[in-house]
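Here is the structure we will look at, set down as structure tokens.
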Amino acid sequence: MRQVVTTGTGGVNVLKVENKADPRPGQGQVAIRVRAAGLNFADVLARQGLYPDSPPKPCVMGYEVSGVVETVGEDVNSALLGKSVVALTRFGGQSELVIVKATQIFEKPAALTFEQAAAIPVNYLTAYALLVVMGSLHKGESVLIHNAGGGVGLAALDIAKQIGAVTYGTASPAKHKFLTERGLNHVIDYRKQDWQPVLKELTNGLGVDLVIDPIGGAHWKKSYAALRHTGLSSISQPSLVHATCIPGKLKLLKAVVQTPWFHPLPLLNQNRGVFGLNLGHMWHEPEKVAIWMRDIMRGVEQGWINPYVDRTFSFDQVGEAHQFLEQRKNIGKVVLVP
């Protein structure tokens, strides 16, 4: 089989497509012939040496795939053979053939292409956990989605619309028309203006009930200040993807230094909350993740989950795919196909 290997730390030249012997599923496992694999900021950060959860290099990245079950191991129902599925992978997903536990696969909705299906796990599970599980967003409340045009941003918009929340989002001007057509109630240009006073004016000085912020550093302080009482602000993996090696590490260090500290007493007095999410640290809670994933799949069937794939790249174009994502040219998901 062919797979995308991150051979070392650096630019896109460290990404190589290599051949490896086909793996065989063990007890409780299945082998999936991959038709599409998701590309995420974590993959870019891993290449740059800025992702602490990355496996040792050389490594094969990839948290999500869609494809067809080709073989099954012991104690796995043979009826799964030939089924089109979506799967979560703890790395190794950017391969032609992947081995996963049978409990990590979900039937691919017939309405979705393999590329669209591969756009679901990371983005929609993250958004679902942020808005529904931890954010507890309700109908009539409001949410500010930073980087609204990204993969998680669009997933959060789908979910927030279904809940019935009022949606605000920051994005570059080139993405405004798409986001408005997608259903975002209020889009804010963060490049030409300070989004904070704009949001304050739009909300009549109240702020919002929930903020989804993947930017990090001092930006989290601004997001916290944008909350109304009983509001929540989410903290997730910062998207520091514009510099590599030493410059990138210095940028990450600067963000860490600028990150605000949230003490319980001010939180108590201001009736606000802050929470964090790292989906990559949820592998010890497979039952919870499976419940979330089944809810998301029901959303696909009901028509309110609509994964959007901006660009599809072949394995041989993986360097271009990384650059496209790194330069924030994407609206929604970037997907790799073998």
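Between Val4 and Val60 there is no side-chain heavy-atom pair separated by less than 4.5 Å. You'll find the side chain of Ser95 stays beyond 4.5 Å of the side chain of Arg2, heavy atoms only. Using a 4.5 Å heavy-atom threshold, the side chains of Gln94 and Gln3 count as separate. In this structure, Leu15 and Thr7 have side chains that are not in contact, with every pair of non-hydrogen atoms separated by 4.5 Å or more.
Heavy atoms from other residues, nucleotides or ligands lying under 6.0 Å from CD of Glu285 number more than 12. Within a 6.0 Å sphere centred on NZ of Lys57, other residues, nucleotides and ligands contribute more than 12 heavy atoms. The local environment of NZ in Lys83 is sparse, with at most 12 non-hydrogen atoms from other residues, nucleotides or ligands closer than 6.0 Å. For Glu201, the CD atom sits in a loose shell: 12 or fewer heavy atoms of surrounding residues, nucleotides or ligands are nearer than 6.0 Å.
Taking the ring axis of Tyr63 as reference, the NZ or CZ atom of Arg90 does not stay both within 45° of it and closer than 6.0 Å to the ring centre. For the pair Lys333 and Tyr308, the NZ or CZ position fails the cation-pi test of under 6.0 Å to the six-membered ring centre and within 45 degrees of the ring normal. Geometrically, Arg272 engages Tyr224 in a cation-pi contact defined by less than 6.0 Å to the ring centre and at most 45° from the axis.
Between the side chain of Ser54 and the main chain of Ala46, no donor-acceptor pair closer than 3.5 Å is present. Between the Arg47 side chain and the Gly10 main chain, a donor and an acceptor come within less than 3.5 Å of each other. Remark: side-chain polar atoms of Gln116 are paired, donor with acceptor, to backbone N or O of Thr113 under 3.5 angstrom. Between the side chain of Asn271 and the backbone N or O of His229 there is no donor-acceptor pair closer than 3.5 Å. Checking side-chain atoms of His176 against main-chain N and O of Ala171 turns up a donor-acceptor pair under 3.5 Å. Looking only at distances, no side-chain donor or acceptor of Ser233 sits under 3.5 Å from a matching main-chain atom of Val274. The main-chain N or O of Val122 is found under 3.5 Å from a side-chain atom of Glu64 such that the two form a donor-acceptor pair. Judged by distance alone, the side chain of Glu181 and the main-chain N or O of Phe178 form no donor-acceptor pair under 3.5 Å. Remark: the backbone N or O of Asp209 is not paired with any side-chain donor or acceptor of Thr230 at under 3.5 angstrom. Checked by atom type and distance alone, the side chain of Asp43 pairs as donor or acceptor with a backbone atom of Asn40 at under 3.5 Å.
For the atom pair CG of Leu325 and CZ of Phe41, the computed distance is 4.5 Å after rounding to the nearest 0.5 Å. Rounding to the nearest 0.5 angstrom, the gap separating the NE2 atom in His322 from the CZ atom in Phe313 is 10.5 Å. One distance of note links CG of Asn306 with CZ of Arg182; it measures 5.5 Å at 0.5 Å rounding. Distance check: Leu154 CG to Ile145 CD1 gives 9.0 Å after rounding to the nearest 0.5 Å. If you take CG on Leu112 and OG on Ser84, they are separated by 11.0 Å, rounding to the nearest 0.5 Å. A distance of 8.0 Å separates OG1 of Thr89 from CD of Gln104, quoted to the nearest 0.5 Å.
Closest approach of Leu336 and Ala321 over heavy atoms only: CD2-CB, 3.8 Å. Residues Ile212 and Ser234 share a closest heavy-atom pair of CA-OG, 3.3 Å. Here the closest non-hydrogen pair linking Gly169 and Ala148 is CA-CB, 4.0 Å. Closest heavy-atom contact between Lys175 and Arg328: NZ-O, 3.4 Å. Across Val69 and Leu80, no two heavy atoms sit closer than the pair CB-O, 3.2 Å.
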Does the side-chain hydrogen bond (donor to acceptor under 3.5 Å, both in side chains) test come out yes or no for Glu326 and Gln48, once each step is laid out? CA-CA 11 Å; Glu326 186 174 351; Gln48 295 179 341; 2.9 Å; yes
Show, in sequence, the C-alpha distance, side-chain angles and deciding distance for Val143 and Val211, and conclude whether the side chain to side chain contact (heavy atoms under 4.5 Å, CB included) test is met. CA-CA 6 Å; Val143 57; Val211 178; over 6 Å; no
Going through the checks in order, is the side-chain hydrogen bond (donor to acceptor under 3.5 Å, both in side chains) test met by Tyr128 and Asp295? CA-CA 9 Å; Tyr128 186 92; Asp295 282 349; 2.5 Å; yes
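Between Lys222 and Asp213 there is no salt bridge, since no side-chain nitrogen of the basic residue lies less than 4.0 Å from a carboxylate oxygen of the acidic one. Between Asp310 and Lys329 there is no salt bridge, since none of the side-chain N atoms of the basic residue sits less than 4.0 Å from a carboxylate O of the acidic one.
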Just distance, no hydrogens or angles: give the donor-acceptor pairs under 3.5 Å from side chains in residues 20-32, sequence neighbours left out.
from: Asp22; atom 1: OD1; to: Met1; atom 2: N; distance (Å): 3.0
from: Gln27; atom 1: NE2; to: Asp75; atom 2: OD2; distance (Å): 2.3
from: Gln29; atom 1: OE1; to: Gly26; atom 2: N; distance (Å): 2.6

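Grouping the Ile, Leu, Val, Met, Phe, Trp and Tyr side chains by contacts below 4.5 angstrom, directly or via other members, places Ile163 with Val300. Note: the hydrophobic cluster containing Ile99 does not contain Val5 (ILVMFWY, side chain heavy atoms under 4.5 Å, direct or indirect links).
Between His146 and Trp195, the ring-plane angle classifies as perpendicular under the 30° and 60° cut-offs.
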